[in-house]
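Here the structure is laid out as structure tokens; the discussion comes afterwards.
Order of appearance sets the numbers: ligands from 1, and atoms from 1 within every ligand. Counting from 1, the numbers follow the sequence of the chain as shown. None of the values given here were measured: they were computed from a predicted structure.
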Amino acid sequence: MSDASANAAPKPKKPRVNVRRPDVMERVAAEVAVHFHSSIVEKLKDRGGKVTIGNTTVLLAQQFGFCYGVERAIDLAYASRRVFPENRIFLIGEIIHNPDVNHQLREMGIVSLPWQEITPDYDDLTEDDVIIVPAFGAPTHFMKKVEERGSYVVDTTCGDVMKVWRRVRNYAKEGVTSLIHGKANHEETRATSSRALGEKGDGHYLVVLTLTDTDYVCDYIRHGGDKEEFLRRFEGSTSPGFDPDLHLQRVGVANQTTMLKSETEEIQRRFHQAIADRDGTDTAFQVFDTICGATQERQDALFEMLRTKMDLLLVVGGYNSSNTQHLVEIGEKSLPTFFIRDASCIKSLDEIVHYDLHHKQEVSSPYSELLLGDKPVTVGITAGASCPNNLIEETIVKVFSLRGVDHSELERL
Ligand code: SF4
């Protein structure tokens with residue numbers, strides 16, 4: 001990176017480019033199908049999500065895998081390559097949280113830029129470069145930087161994420177602090193937090209993740225407390241200049257779109273009650289449920305599937321995928337649940353490598369008693385919104401093959 005490029009004057013803002021041309025999308029649909037489609041998954045769906053061969057049954061949740069927002073983001077990324085075959089194409093972070101999908105984009109020459117902070121790489125962008133904004137969106141200062149460089153922008157931000165932005169911007173306009181249920185360092189929540197500052201940049205937000213965080217804040221709302229301790233506890237989760245004595249007077253709740261719905265509702269309820277206890281009225285409280293439809297459908301479908309007796313549950317998806325993590329949390333409460341990246345994690349009938357959410361690391365567990373032997377076995381499978389069907393197919397095939405069922409028997413379904 002040269003100093004000259006870093007200090008160059010901002011380029012004129014380019015109009016957003018439309019890469020969804022019919023001729024392009026036809027080719028994109030074919031390419032995406034080759035990479036991520038699964039005929040076996042489609043056949044299973046046609047059979048109501050259940051297949052039994054010999055003494056092995058696989059159950060698929062009624063809703064799983066790619067959501068509309070993810071499908072759109074991937075389509076637009078592929079389309080960018082078609083529309084700009086010779087240009088450098090960059091992506092802010094990852095398009096979605098799935099290593100397989102991100103690998104495919106790298107193979108197409110789409111390069112990830114850092115998303116946690118603006119690095120000198122952004123100063124090197126030129127007017128001929130194309131920047132893809134991921135499905136989570138990107139913070140406002142990233143967007144400003146890209147616009148300053150004059151690059152083409154292909155924005156794949158999901159409409160459901162933008163709905164949350166509209167809400168927190170309104171909160172800021174009304175002088176209401178956004179209480180955001182989410183992970184402060186998640187791409188989507190960082191993008192949302194930046195919008196909670198409002199058009200003038202003087203809005204405020206506080207990100208809470210757990211019920212314990214919520215109770216701490218509720219206690220402060222009711223009784224006040226040690227401001228310095230509060231700010232230490234929520235370091236990195238508040239707007240600049242946040243003062244709990246001033247900025248918890250009028251609050252509005254929003255959430256990262258992929259949180260666990262039941263927890264989000266409980267958090268909303270607790271904040272509502274705290275404000276009502278303090279003021280004797282709830283006029284200083286607003287709420288807007290921003291869990292997206294796709295996340296909710298996948299959680300509801302898993303609850304429904306859990307009504308059927310299963311021996312174990314496999315949840316397939318990227319380990320950093322928030323909505324997938326919540327599916328794991330739901331499953332763990334009912335039966336042995338393994339969070340796997342793909343079929344390669346199932347090493348053998350008595351070893352599975354999986355992500356332990358509680359210790360935040362990949363571990364290897366024996367599960368011999370669950371799958372070994374000739375007794376009938378039922379395996380449930382679901383996947384987060386960022387998981388392609390080909391990875392689900394490979395998981396189904398692996399389970400059956402370890403139980404002695406050949407791939408060809410599944411093809412014949
Ligand atoms: S999980 Fe929801 S918010 Fe995220 S991309 Fe999919 S539909 Fe959009």
Is a salt bridge present between [X] and [Y], judged by a nitrogen-to-oxygen distance below 4.0 Å?
X      : Y      : result
Glu229 : Arg233 : no
Glu199 : Arg169 : yes
Glu188 : Lys183 : no

(request) Over 60° means perpendicular and under 30° means parallel, so classify the ring planes of His97 and Phe136, tilted if in between. (result)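 Correct class here is tilted.
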(request) Please list, in chain and residue-number order, the protein N/O/S atoms closer than 2.8 Å to atom 6 (Fe) of ligand 1. (result)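 Those protein N, O or S atoms (cut-off: under 2.8 Å from atom 6 (Fe) of ligand 1) are Cys67 SG.
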(message) With a 6.0 Å cut-off (strictly less than), is the heavy-atom count around CD of Glu26, excluding the residue itself, greater than 12?
(response)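 Open.
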(message) Going by side chain to side chain donor-acceptor pair (under 3.5 Å), name the pairs with one or both residues in residues 238-254, residues two or more places apart or in two chains.
(response)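 Applying side chain to side chain donor-acceptor pair (under 3.5 Å) to every pair that reaches into residues 238-254, excluding sequence neighbours, yields His204-Ser239, His204-His247, Tyr220-Asp245, Lys227-Asp243.
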